[in-house]
Amino acid sequence: MTRRSSGAKGGKGGEGTRRRIAGSGTRRTVATKATESGLALDDRPLAIVPMRDGKRLLVVLPYELWTVEREGEELRFVQNIELRSARPSVSEGEGGSLWIGGDHLFRGRAFATEHEKFGSKLGGFVDHVAVLRPGLLAGVGPRGEVLIDTQKEAVIHQRKSKEGTATSVCASADERAIFADQSGAAWVIDPAHPGGYTQLRFETRSEHDPPEEAIVRVQVDGRGRCLIAARDGAVAWTRPSLRREGEAYAPLPAGERACLALDADRWWMYALRPRGRLQRFLLEAPPPPEPEPSTGRGRPAPEPPAPPAHEELRLSRPASCMACIETEEGPRLVVGGPRNDGTLGRLWLEDPAKLEWQALPLAERPTRPAPAPEEKSAPNFAQVRNKLPADAPNVASLSVDEVIGGKVHFWIAQGSGALTERALGRVAAEALLPADLLLLPAMIRPKSGTARPALYVWPGVPDEREVPTPEGRWLCWGDEPRGWMRLDTPAMREQRWVRSDFFPMQVALLSRPDAPGRRPPIPKRWGDREAFEAMARECKKLLEVLW
């Protein structure tokens with residue numbers, strides 16, 4: 001099914017300038033900020049891939065692939081392809097063909113919305129894909145690496161692996177595959193000799209490849225240089241021949257070391273970090289600016305100082321992905337990021353020459369000594385989550401009246417399985433444990449439509465466990481069929497809802513319990529019991545919401 005999102009019309013996107021929120025028994029209107037420039041997206045962008053014609057971009061979203069056209073300094077929506085994968089990847093092939101990775105491999109066209117499944121038994125090998133040359137595709141994933149002859153539809157090389165989880169793959173200038181698997185080296189596969197892999201490593205590194213120095217992202221720019229990023233914030237770059245050219249390390253806070261995107265123009269390499277931090281590193285000296293005219297006193301005007309070789313800044317908006325493109329006016333950065341609590345996205349252009357860069361101090365990359373051998377310790381059997389009885393009801397059986405009744409402040413649910421099929425139970429607030437999955441009663445009001453009952457899924461992990469903080473999710477009461485549904489793109493498609501019509505939504509939680517463990521933060525504006533009760537009364541009176 002092809003559709004044009006209401007938020008993607010024209011060159012500028014954004015939501016409306018007014019929204020309704022519920023008060024005590026009546027509705028009141030609150031003005032919001034004016035619409036900002038850029039193209040509105042239906043979800044948070046994951047990656048941006050410039051197309052070979054230099055005019056179009058492929059924007060990867062969860063469960064969707066957008067084609068966007070650049071017209072001067074504006075971006076315009078062209079078409080979208082609906083997908084099944086929550087984190088797809090894409091690479092452009094010959095003749096406008098698109099190879100789409102994720103849970104499986106699909107083949108599509110740049111100017112069509114249909115796509116078809118390609119090959120068999122490729123799950124786990126094609127999470128990330130790259131076209132090496134016409135007829136040859138490389139894929140990597142948690143199960144290993146694969147080379148596919150797309151003309152003969154045959155696998156010509158496959159290696160199963162359990163060493164790491166692949167995070168990116170790209171094609172070198174000489175048609176080799178380069179991928180990162182969170183080990184201490186980036187790996188190079190030569191299709192002519194696939195039996196032996198070549199390694200790309202940092203010059204400054206520890207001998208035992210500690211996890212902090214793992215290579216997490218590789219990218220080949222438009223001039224064939226390979227760009228490499230490590231988990232500790234270090235970056236490196238090579239010549240098109242893959243010979244190491246340089247590297248840099250700038251100390252960063254723990255929460256900003258991740259590299260969300262890498263790319264380069266002719267002179268600079270750009271690295272996008274969390275919280276809108278953008279860094280650039282000089283690869284080639286740009287041409288000097290034209291000299292100032294003479295002062296007229298026989299003395300030449302002083303030459304302007306050379307710019308610093310390493311700079312950084314904070315973008316004015318949160319960003320999650322980036323790409324460099326060449327335009328008639330010079331290089332531009334295409335930046336994508338979330339908006340409205342990550343339920344929607346935005347795409348915009350930045351002129352790097354007009355950004356207010358500041359000098360970035362570098363340091364020697366620290367090396368880490370090998371850890372001393374540890375004695376085997378007894379396993380820790382401390383309880384981290386409450387156990388539910390075998391005959392406990394599941395989430396799907398939860399009554400809407402219990403949610404909007406305002407008497408139960410939270411439930412706990414089983415930690416794994418489909419959300420609506422998980423066992424459900426209740427415990428006292430003081431008995432909560434760090435890994436308990438909580439369901440918080442909520443009322444939501446979509447951008448278009450009436451108030452609906454909802455459940456905020458609030459996960460947690462023990463503080464001492466070195467794993468990322470999980471993200472919160474939503475369950476909402478659906479229309480067809482009536483029942484609890486995940487508030488994600490596939491479930492919304494089944495309900496025939498459009499994300500840009502549903503989001504942004506107003507949220508009102510009944511309460512926020514004081515739960516232990518490391519959990520995703522809950523915005524303060526969600527904790528509005530008065531709005532919760534007002535929307536619950538409104539919901540009871542409306543015939544549009546039945547249960």
Side-chain angles (χ1 to χ4, degrees), residues 47 49-53 56 58 60 65 67 81 83-85 87-181 183 185-200 217-222 224-226 238 240-242:
V49 181
M51 296 186 68
R52 296 177 181 177
D53 60 9
R56 294 176 177 83
L58 299 173
V60 180
L65 178 65
T67 303
I81 302 176
L83 306 173
R84 303 176 187 176
S85 175
R87 299 191 67 86
S89 63
V90 65
S91 183
E92 184 184 4
E94 67 279 6
S97 61
L98 299 180
W99 295 97
I100 304 169
D103 299 335
H104 196 77
L105 182 63
F106 291 87
R107 176 169 52 190
R109 304 289 298 178
F111 306 103
T113 58
E114 297 80 13
H115 62 288
E116 59 182 357
K117 187 176 179 181
F118 183 89
S120 61
K121 299 181 180 179
L122 294 176
F125 290 94
V126 289
D127 286 21
H128 308 274
V129 295
V131 174
L132 305 185
R133 63 172 182 257
L136 183 61
L137 178 79
V140 296
R143 293 184 59 194
E145 308 88 53
V146 65
L147 296 178
I148 304 172
D149 187 327
T150 57
Q151 295 176 348
K152 298 180 180 179
E153 298 190 12
V155 173
I156 61 176
H157 169 70
Q158 186 179 80
R159 188 187 77 96
K160 294 184 178 181
S161 170
K162 296 182 179 179
E163 290 93 3
T165 301
T167 53
S168 60
V169 64
C170 54
S172 69
D174 55 0
E175 301 176 350
R176 290 184 285 176
I178 310 169
F179 72 93
D181 64 349
S183 65
W187 301 89
V188 182
I189 309 176
D190 187 347
H193 308 282
Y197 292 5
T198 305
Q199 295 181 350
L200 296 180
R217 186 171 295 276
V218 292
Q219 175 69 31
V220 172
D221 70 359
R225 298 169 296 198
C226 180
T238 75
S241 62
L242 300 187

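Listed for the Asp221 side chain is a donor-acceptor partner under 3.5 Å among the backbone atoms of Arg225. Using modelled atom types, one side-chain atom of His104 and one backbone atom of Phe118 make a donor-acceptor pair closer than 3.5 Å. In this structure, Ser89 contributes its side chain and Asp127 its backbone to a donor-acceptor pair below 3.5 Å. Side-chain atoms of Glu92 come within 3.5 Å of backbone N or O of Arg52 as a donor-acceptor pair. Although no hydrogens or angles enter the test, the distance criterion places a donor-acceptor pair under 3.5 Å between the side chain of Ser168 and the main chain of Val218. A donor-acceptor pair under 3.5 Å is absent between the side-chain atoms of Thr165 and the main chain of Pro142, judged by distance alone. The backbone N or O of Val131 sits less than 3.5 Å from a side-chain atom of Ser91, completing a donor-acceptor pair.
Pairing each heavy atom of Ile178 with each of Ser172, the nearest pair is CD1-CB, 3.8 Å. Scanning both residues, Ala180 and Arg217, for their nearest heavy atoms gives CB-N, 4.0 Å. When all heavy atoms of Asp181 and Ser183 are compared, the pair lying nearest together is OD1-OG, 2.6 Å. Ala173 and Gly224 get closest at one heavy-atom pair: CB-CA, 4.1 Å. Residues His157 and Ile189 come closest through the heavy atom pair CD2-CG2, 4.5 Å. Nearest heavy atoms, Pro191 versus Leu132: CG-CD1, 3.9 Å.
Contact check for Leu65 versus Pro88: no side-chain heavy atoms found under the 4.5 Å cut-off. Taking the side chain as every heavy atom from C-beta outward, Leu105 and Ile148 approach each other to under 4.5 Å. Looking only at side-chain heavy atoms (C-beta outward), Leu242 and Val188 come within less than 4.5 Å of each other. Annotation: side chain of Val129 is not in contact with side chain of Val90 (no heavy-atom distance under 4.5 Å). Inter-residue side-chain proximity for Trp99 and His115 is flagged as unmet; no heavy-atom pair is nearer than 4.5 Å. Contact of the Val60 side chain with the Leu58 side chain is not registered, since no non-hydrogen atoms from C-beta on lie closer than 4.5 Å. By the 4.5 Å heavy-atom criterion applied to side chains, Phe179 and Glu145 are counted as neighbours.
Crowding of Arg159 atom CZ: a count of heavy atoms from other residues, nucleotides or ligands under 6.0 Å exceeding 12. Other residues, nucleotides and ligands contribute at most 12 non-hydrogen atoms within 6.0 Å of the CZ atom of Arg87.
In this structure, CZ on Arg133 lies 11.0 Å from CG on Asp174, to the nearest 0.5 angstrom. In this structure, the separation between OG on Ser97 and CZ on Arg109 is 6.0 Å, given to the nearest 0.5 Å. Between the CZ atom in Arg176 and the SG atom in Cys170 there is a gap of 11.5 Å [rounded to 0.5 Å]. Here the CG atom belonging to Asp103 is positioned 9.5 Å from the CZ atom belonging to Arg84, to the nearest 0.5 angstrom. One finds the CZ atom of Phe125 at 4.5 Å from the CZ atom of Arg143 (value rounded to the nearest 0.5 Å).
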Stepwise side chain to side chain contact (heavy atoms under 4.5 Å, CB included) check, Leu147 with Leu137: CA-CA 6 Å; Leu147 296 178; Leu137 178 79; over 6 Å; no
Pair Ile81-Thr67, side chain to side chain contact (heavy atoms under 4.5 Å, CB included): steps then yes or no: CA-CA 8 Å; Ile81 302 176; Thr67 303; 5.8 Å; no
